[in-house]
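These notes concern the structure reproduced below.
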Protein chains: 2
Amino acid sequence: MKLSSRTEYAVRAMAELAEMHGGGPISLREIAARQDIPEKYLEQLFRQLRKAELISGLRGAQGGYSLAREPCEITVGDIMRAVDGPIAVCSCAAEGKGDADCERKSHCAAHPVWAKLQDGIVSILDSTTLYDMLAKTATQDMQGNRGGGS
Amino acid sequence: MKLSSRTEYAVRAMAELAEMHGGGPISLREIAARQDIPEKYLEQLFRQLRKAELISGLRGAQGGYSLAREPCEITVGDIMRAVDGPIAVCSCAAEGKGDADCERKSHCAAHPVWAKLQDGIVSILDSTTLYDMLAKTATQDMQGNRGGGS
DNA sequence: GCAATTCCTACTGAATCAGTATGAGTTCCA
DNA sequence: TGGAACTCATACTGATTCAGTAGGAATTGC
């Protein structure tokens, strides 16, 4: 039940791109530095994000990456699937898997729970866009909970 | 974002115990056989479940395990925490961790999303009891989709 | 043409996970 | 009273996954 570092990194990097959205492309190096992510590792993730058509890369000097769609059109779920594959709490409750491998299924007491969990997770991830994330962070900053109440 | 086999096994085994609840203790061997779980592995899990006071063990011949509380008093979340420790989608959104390790937190765009996800997961797991699971399985059986599609 | 950048494949070390092995302690029952 | 049927406890192992690194080819702006 834990996020991979791929997902954590990718989401943070994408948020960074979203914040800069509209200007020119931003280099991998810059994003890695600002978010404190190993550069070469992030490079791998970006390749996957590009293949998933969430970002587009521009080669050569002054090149870099930028979002391939508007921030409000990219969900956390999209990012996660791009770098970690389909979301699946277990093999018998995975996306796009109607009747797969679990021969137990029809009489398994656990199955409905996993299905519900899977559903809950996916619906949160798919309903949160990069736009939402930035908006929330801004709000959070405005509310300014520093030194907050113990 | 995946359940461990510990959790999957433990929940299934607990459901088995719940189904038998009220009779005498059931031996590990029997549960393992019925749920097709490696016996020695399940033994480990049961020790943890016992320490968490979800089940109680009776030693000696004719011994075995039984639920330490009513099925409606044991949640999937309880079971999961017993065998896998605290539920945490990431280190900066974990249970019982007010202000821990993530120095980024206050300005991290991802944090609110993980917090929401964590919350959603925990609330599903903590609101589903063994009793609910059995009830659902029964319903499922009554709807009886056996021999189903193609 | 050269510097900055993306693109691509392969490797590696460490950590986690699933499962085993072995044996001690307890209790019932013949 | 002894042994069979159990739980209880610790330590080990092999495999897989994960996080991160290395090295270099291709492309583009200046």
Side-chain angles (χ1 to χ4, degrees), chain A residues 1-13 17 20 23-33 35-68 80 82-86 88-91, chain B residues 1-13 17 20 23-33 35-68 80 82-86 88-91:
Chain A
M1 264 311 78
K2 225 180 122 197
L3 297 164
S4 68
S5 75
R6 307 175 74 80
T7 290
E8 289 195 54
Y9 286 162
V11 168
R12 267 163 49 200
L17 277 185
M20 303 303 192
I26 308 174
S27 79
L28 191 80
R29 168 165 307 168
E30 194 176 336
I31 299 172
Q35 285 290 330
D36 195 29
I37 299 170
E39 202 174 315
K40 277 299 195 180
Y41 193 35
L42 187 57
E43 197 179 317
Q44 271 184 32
L45 306 182
F46 269 31
R47 186 144 31 89
Q48 294 181 274
L49 291 168
R50 194 177 53 79
K51 278 188 183 163
E53 301 183 328
L54 299 180
I55 61 178
S56 56
L58 201 63
R59 286 186 170 193
Q62 268 68 48
Y65 293 94
S66 48
L67 294 186
M80 200 158 158
V83 298
D84 268 336
V89 300
C90 68
S91 49
Chain B
M1 260 316 71
K2 227 180 121 198
L3 298 163
S4 67
S5 73
R6 306 175 75 79
T7 291
E8 287 194 54
Y9 286 163
V11 168
R12 268 162 50 198
L17 276 185
M20 304 302 194
I26 308 174
S27 78
L28 191 81
R29 169 164 306 168
E30 194 176 336
I31 298 172
Q35 285 290 331
D36 194 30
I37 298 171
E39 202 174 315
K40 278 298 192 182
Y41 194 35
L42 188 56
E43 198 178 317
Q44 271 183 32
L45 305 183
F46 268 31
R47 185 145 30 89
Q48 294 182 274
L49 292 168
R50 194 176 53 79
K51 279 188 182 162
E53 301 184 328
L54 299 179
I55 62 178
S56 56
L58 201 63
R59 285 185 170 194
Q62 268 68 48
Y65 292 95
S66 48
L67 294 185
M80 201 158 159
V83 298
D84 268 336
V89 300
C90 69
S91 49

Distance (rounded to the nearest 0.5 Å) between B/R12 CZ and B/D36 CG
7.0 Å
First encountered from the 5' end of DNA chain D, between A/Y9 and A/R59:
A/Y9
Segment of DNA chain C, first to last nucleotide, that comes within the 4.0 Å heavy-atom reach of chain A:
C/dA4 to C/dA10
Any side-chain heavy atom of A/K51 sitting closer than 4.5 Å to one from A/Q48?
no
DNA chain C: A/G60 or A/R47, which has the more 5' nearest nucleotide?
A/G60
Nearest 0.5 angstrom please: A/I26 CD1 to A/L17 CG, how far?
5.0 Å
Helical bend (five base pairs per end, nearest 10°) for the helix from C/dG1-D/dC30 to C/dA30-D/dT1:
10°
Contacts of A/A68 that satisfy side-chain contact (heavy atoms from CB on, under 4.5 Å) - sequence neighbours left out
none
Residues at least two apart in sequence or cross-chain that pass side chain to side chain donor-acceptor pair (under 3.5 Å) with B/K40, listed by chain then number, are B/E43
Kindly check if the number of other-residue, nucleotide or ligand heavy atoms within 6.0 Å of CD (B/E39) is above 12?
yes
Return the set of residues passing side chain to side chain donor-acceptor pair (under 3.5 Å) with B/S5 (not counting sequence neighbours), or none when no residue passes.
B/Y41
Sorted by chain and number, sequence neighbours left out, side-chain contact (heavy atoms from CB on, under 4.5 Å) with B/Q62 holds for none
So, using side chain to side chain donor-acceptor pair (under 3.5 Å) as the criterion, who are the partners of A/R50 when residues are at least two apart?
none
With a 4.0 angstrom cut-off to heavy atoms of chain B, pull out the first and last contacting nucleotide of DNA chain D, in 5'-to-3' order.
D/dA5 to D/dA11
For B/S27, which residues count as a side-chain contact (heavy atoms from CB on, under 4.5 Å) partner, sequence neighbours excluded?
B/R29, B/E30
Using a strict heavy-atom distance below 4.0 Å, which residues from residues 36-46 of chain A are in contact with DNA chain D?
A/P38, A/K40, A/Y41, A/Q44
Could you note down all residue pairs passing ring-ring contact (aromatic ring centres under 6.0 Å, His included) where residues 48-68 of chain B supplies at least one of them, sequence neighbours left out?
B/F46-B/Y65
Do B/M1 and A/L3 touch side chain to side chain, with heavy atoms closer than 4.5 Å?
yes
Taken in chain and number order and not counting sequence neighbours, the residues that satisfy side chain to side chain donor-acceptor pair (under 3.5 Å) with B/E8 are none
